[in-house]
Amino acid sequence: MSNGGAKAAVASVGAPQPLDWKFSQVFGERTAGEEVQEVDIISAIEFDRTGDHLATGDRGGRVVLFERTDTRDYAGRRRDLEKMNYPMNRHPEFRYKTEFQSHEPEFDYLKSLEIEEKINKIRWCQSANGALFLLSTNDKTIKFWKVQEKKVKKVCDMNVDSSKAMGNGPIVDSSISTSSKQFIENGGCIRNDFSFPTGGFPSLRLPVVTSLETNLMARCRRIYAHAHDYHINSISSNSDGETFISADDLRINLWNMEISDQSFNIVDVKPANMEDLTEVITSAEFHPKHCNMLAYSSSKGSIRLIDMRQSALCDTHSKLFEEQDAPGTMSFFTEIIASISDIKFAKDGRHILSRDYMNLKLWDINMDSGPVATFQVHEHLRPKLCDLYENDSIFDKFECCLSGDGLRVATGSYSNLFRVFGCSEGSTEATTLEASKNPTR
């Protein structure tokens, strides 16, 4: 999806009935026949916890921020109405806020490896004092950004009256007496022939500083580098507001946001002999409420829940979530399509949503016998797995998300389509929508 085609959709709230989805807004315009540049293709997108800010990252290393504007005048009233479950009649409206260059292309001379500037993930952190904070990462380097309004100030007036000044020299007036004075020791003077100039001293004016405008300034506060041998696939900020994790194929590192030159390796699945490697880490996320818990998924279709209080190195998990295939259903593609590309915790921390190539699965962290719900996304592609393997499409990765109320889940597909499913008990809601300015489905 390009910067000219990031889509937003909104649904009018209706109780247990399926939502009535309507096109809401498109960010940026692309003229007919205009080619999408590689650097403009969006590679990461993330709402903050309030839903009032949206961040996108692209292959050119830029981060673009949007802010919600339809509720600015009555934000407090909106929150009160939401608490009462009062339906809002207005659709969300977002506008461009600011953008900045987060990453630049680099070259690792030790490994003779080019490091792309493409943004892999963006994660919002806790805001403070009216400033926004977020983490962004490419394949190797994580950056911590602060975005804040700054007033641009300028000196408007000179402090000396130009009509009485002579260049940069002293102000001269002929009425000042220059007669010789009689001095005594230690600089004393027994006569004072000094007289005031005619008309008084030249007028002096203090400098006047005015605030011309308010600009949004993005400042990189920390750079966390040189901690991953493999490409970073996940970052996740912790609920404690002080730490975050970063994950690559074989390791998960724990960082303190204020310390950029040191991290702690808390998960390491790298075998002594790389020929014995059977699975890799595909995604990792902190629990939204318990700062000591996190989960990570693997290419074998399993999710491990770990508790950092148990040991410094969290190679042993607290719980393992995986679904065993029925006997006789195994095929050459079974392990490939079982690989989990993304996991997300529900807002309450009770459930985990996972996405593999074929399905969305909802897991209850208190029940590790299997998923509580499975939603088929690509079942129609099962007869075509051979072709998908030949053109490498079977290795495509899709992300997933849960609604704030936890009643619906969503994920993407091919041909600009995305799927929305109701996950409340007894719900049969299943909607296919097209992310297009002129949707046909």
Between Phe398 and Tyr414, what is the ring plane arrangement, given parallel below 30°, perpendicular above 60°, and tilted in between?
perpendicular
Pair Asp364 + Arg350: basic N to acidic O under 4.0 Å
yes
Any side-chain to backbone donor/acceptor pair from Gln101 onto His103? Under 3.5 Å, distance only.
yes
Using distance alone, with no hydrogens and no angle criterion, decide if Thr432 and Arg419 have a side-chain donor and acceptor under 3.5 Å apart.
yes
Please lay out, stage by stage, how Asn138 and Lys140 fare under the test side chain to side chain donor-acceptor pair (under 3.5 Å).
CA-CA 6 Å; Asn138 64 354; Lys140 296 290 185 180; over 6 Å; no
Is it true that a side-chain atom of Ser413 and a backbone atom of Leu417 form a donor plus acceptor pair closer than 3.5 Å?
no
Reported CG-to-CD1 distance for the pair Asp249 and Ile232, which is rounded to 0.5 angstrom:
11.0 Å
Polar side-chain atom of Asn265 near backbone of Val267 as donor-acceptor pair, under 3.5 Å
yes
Identify the heavy atoms of Gly406 and Cys423 that sit nearest to each other, and give their distance.
O-SG, 3.1 Å
Looking at Met367, I want to see if its CE is surrounded by more than 12 non-hydrogen atoms of other residues, nucleotides or ligands under 6.0 Å.
yes
Over 12 foreign heavy atoms within 6.0 Å of CD, Glu425
no
Judged by modelled atom types alone, do His228 and Asp248 share a side-chain donor-acceptor pair under 3.5 Å?
yes
Does Lys361 form a salt bridge (charged side-chain N to carboxylate O under 4.0 Å, His left out) with Glu323? I'd like the steps, not just the answer.
CA-CA 10 Å; Lys361 294 179 181 178; Glu323 188 174 25; 2.7 Å; yes
Indicate yes or no for a side-chain donor-acceptor contact from Thr69 to the backbone of Phe94 under 3.5 Å, with no hydrogens or angles considered.
no
So, taking the atom named CG in Asp342 and the one named OG1 in Thr282, what distance separates them when rounded to the nearest 0.5 Å?
8.5 Å
Would you mind checking if Lys118 and Asp58 are paired as a salt bridge, meaning a charged N to carboxylate O distance below 4.0 Å?
no
Count the heavy atoms of every other residue, nucleotide or ligand shown that sit under 6.0 Å from NE2 of His226, and state whether that count exceeds 12.
no
Indicate the ring-plane relationship of Phe144 and Tyr224, choosing parallel, tilted or perpendicular according to the 30° and 60° boundaries.
tilted
May I ask you to say whether Arg408 pairs ionically with Glu429, meaning some side-chain N is under 4.0 Å from a carboxylate O?
yes
Residues, nucleotides or ligands: over 12 heavy atoms within 6.0 Å of Glu34 CD:
yes
The single option from His351, His287, His290 that satisfies ring pair (Phe, Tyr, Trp, His ring centres under 6.0 Å) with Phe345 is His287
Short N-O contact, Arg59 and Glu116, less than 4.0 angstrom:
no
Candidate pair Ser237 and Trp124, rule side chain to side chain donor-acceptor pair (under 3.5 Å), full reasoning
CA-CA 7 Å; Ser237 53; Trp124 291 89; over 6 Å; no
Test your reading of the model: is there a side-chain donor-acceptor pair from Asn238 to the backbone of Phe244, 3.5 Å cut-off?
no
Would one find more than 12 heavy atoms of other residues, nucleotides or ligands at under 6.0 Å from atom CZ of Phe107?
yes
Inspect the contact between Glu285 and Lys344 and indicate whether a charged nitrogen and a carboxylate oxygen are less than 4.0 angstrom apart.
no
Are the side chain of Asp315 and the backbone of Asp268 linked by a donor-acceptor contact shorter than 3.5 Å?
yes
Does Arg251 pair with Asp229 as a salt bridge, N-O distance under 4.0 Å?
yes
Keeping Asp387 on the side-chain end and Asn391 on the backbone end, is there a donor-acceptor pair under 3.5 Å?
no
A quick test of your reading: do over 12 heavy atoms of other residues, nucleotides or ligands sit less than 6.0 Å from CD of Glu114?
no
Could you tell me whether Lys146 atom NZ has more than 12 heavy atoms of other residues or ligands within 6.0 Å of it?
yes
Do the ring centers of Tyr357 and Phe333 come within less than 6.0 Å of each other?
no
Ring centers of Trp145, Phe100 separated by less than 6.0 Å:
yes
Considering all heavy atoms, the nearest Ile142-Ser246 contact
CD1-CB, 3.4 Å
May I ask you to say whether Asp307 pairs ionically with Lys319, meaning some side-chain N is under 4.0 Å from a carboxylate O?
no
Note: Lys300-Glu279 ion pair, threshold 4.0 Å (strictly below)
no
Is the ring pair Phe66/Phe27 parallel, tilted or perpendicular, if the boundaries are 30 and 60 degrees?
parallel
